[in-house]
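Read the structure below first, then the notes.
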Amino acid sequence: MLNFTVTLTCLAVTEPQAVHPDFFGQHPREREINENSLKRLNGYLESLQKPGLRSHKPAQLTFYVRETEQNAVNIQDPARALEFRTVSFTLHTRDLRRTVLDILNSCSLSTDHVQDIGASVESQPQKDPHTFYRPIKWDKTYYTFTGFKDPEEELEQAQRVETTISPWLENNHDEALKKLHSSLPLREELERLKQELSRQLQLSDVRWQRSWGIAHRCSQLQSLSRLTQQSPESLKMAKGRTVIFTDCTGLSATGHVMLGTMDVHHHWTELFERLPSYYQLERKLQYLQERVSLILGGIEMVYIEELQPMLTIEEYYATLNAFYNKLLNRRALIHPRSLRGLQMILDNDRFVPRVHEMGHFNIPTTCDSAALQWFLLTHAGKAREKLKRNDELKIVERELTKACQTRSSLTRLYKEPSVTRLQMIECCRRLIEEPLPYLSNMHLCISHYYSVLQDGDLCIPWNYKS
């Protein structure tokens, strides 16, 4: 029988850059949604393989599918080339192979590999080429008389289904509570290890790039704790820095220590030992940022981890240096200090500049100097307004989150990075005005979908239906 490994294999082999989260490093929001959809898809497929299963809940999934260069050739607007399209669909069939085919077809991906796998795992009898095959379609009275479920009627109901918040909480509260209680000892151990390592190594913070489970995070901290016993002098080099567990080992563009979770421990030790050698590169990066700022009217060069890929300092320096040399070749005529108070990030994956909703400029590294000058000057007012608005929303969001947590007696209330401030504010206001049942002492994550996480956190969409 087909399983989830087969599904991911098919997705990866057909168009790996189309949907797999690892190919969305430049787009954290899209990567996060694809990761979450793959997790829910995994759970759905696993439920189909449970023996004796007679019914299951339809699953609504959303994927961001990258438009490949081959598909983008005919796109007239270059700014839209190599971007994404959103694919949403509802899974409702009990046929595992049919489910995989539906997923691939919905994403416009090849199904050849599924056909091949299906042929190898399911030996199908040879059919007479002259025999015309037609599935049996029973009259409605057959299902009334036998009590069997009408598959066509089930399909129509699944397509009409729309999850509402209160029944979903009622149906999933016990499962979430059980998982939450089971995770409490590990949560306490995680907090103890984090505080102990922060104090021992004098770290500014310990963070994770991905939403790993509590057990996974504990395991990573235990590995780092063992390393402090084996190489205590080397790890002292991290004093004052932030440690981030991520996909690769190195120093980040913002000066944080990145520990790759798939790397062996001697790679971590080598990084800690090399930290003093990065001081010169950090100073050169700071100087380069100041030079770019001077050319562009005092605009501040920033690197926002939540919105940008996790680059090493070497990668970011090379990108910024190339951008700086391009500016020197055709210096933009911008009055000094005319853009002070504004912010700008470099984007390797865009073709045209834009003003982000948070107020900073997203500037492609390939942007022409003349076009850059015109864009910055003509959109400076708009950027200032958005920066001010974002600062105001940040305060409102913090206050409403605190009030909502108190109102619903939640142990924890947080959101996924892909949820905007406005979306979080709207959701919190609804939760305050119309408190929901089953939330007392729970951990609630505001997201784009319904889910119970492995450690008992409840995920609900910010725009849930009452």
Practice task
Decide, yes or no, whether a salt bridge links Glu175 with Lys179 under the criterion of side-chain N to carboxylate O below 4.0 Å.
Solution key: yes
Handout entry: Under 3.5 Å donor-acceptor, Arg187 side chain and Asp455 backbone
Key = yes
Practice task
May I ask you to test the His181-Leu177 pair for a side-chain heavy-atom distance under 4.5 Å?
Solution key: yes
Handout entry: Test: Glu282 and Arg241 ion pair at under 4.0 Å
Key = yes
Practice task
Test Leu413 against every option in Arg407, Lys402, His443, Met424 by the side-chain contact (heavy atoms from CB on, under 4.5 Å) rule and name the one that passes.
Solution key: Met424
Practice task
Quick one: sort the His379 and Phe375 rings into parallel, tilted or perpendicular, breaks at 30° and 60°.
Solution key: parallel
Exercise for the section: For Ser219 and Ala215, indicate whether the former's side chain and the latter's backbone hold a donor-acceptor pair under 3.5 Å. Expected result: no
Problem - Contact check, side chains of Trp268 and Val257, non-hydrogen atoms, under 4.5 Å - result: no
Practice task
Answer yes or no: is there a side-chain heavy-atom contact under 4.5 Å between Leu271 and Leu259?
Solution key: yes
Practice task
Determine whether more than 12 heavy atoms belonging to other residues, nucleotides or ligands lie under 6.0 Å from atom CZ of Arg207.
Solution key: yes
Exercise for the section: Decide yes or no for Val243 and Leu197: does some side-chain heavy atom of the first lie under 4.5 Å from some side-chain heavy atom of the second? Expected result: no
Practice task
Please determine if Arg192 and Glu189 form a salt bridge, counting it only when a charged side-chain N lies under 4.0 Å from a carboxylate O.
Solution key: yes
Practice task
Check whether any side-chain heavy atom of Asp347 lies under 4.5 Å from a side-chain heavy atom of Arg354, and answer yes or no.
Solution key: no
Exercise for the section: Determine whether Gln423 and His448 make a side-chain contact, defined as any pair of heavy atoms from C-beta on separated by less than 4.5 Å. Expected result: yes
Practice task
Could you check if a side-chain atom of Ile295 sits within less than 4.5 angstrom of a side-chain atom of Ile334, using non-hydrogen atoms only?
Solution key: no
Handout entry: Criterion side-chain hydrogen bond (donor to acceptor under 3.5 Å, both in side chains) on Thr254 and Glu305, from CA distance to verdict
Key = CA-CA 8 Å; Thr254 50; Glu305 289 181 358; 2.8 Å; yes
Exercise for the section: For the pair Trp168 and Tyr450, name the ring-plane relationship: parallel under 30°, tilted 30 to 60°, perpendicular over 60°. Expected result: tilted
Problem - Distance-only donor-acceptor check, side chains Trp212 and Gln220, under 3.5 Å - result: no
Problem - Within-4.5 Å side-chain heavy-atom neighbours: Ile345 and Phe361 - result: no
Practice task
Give a yes/no verdict on a cation-pi contact between Arg412 and Tyr414, requiring under 6.0 Å between NZ or CZ and the six-membered ring centre and an angle within 45° of the axis.
Solution key: yes
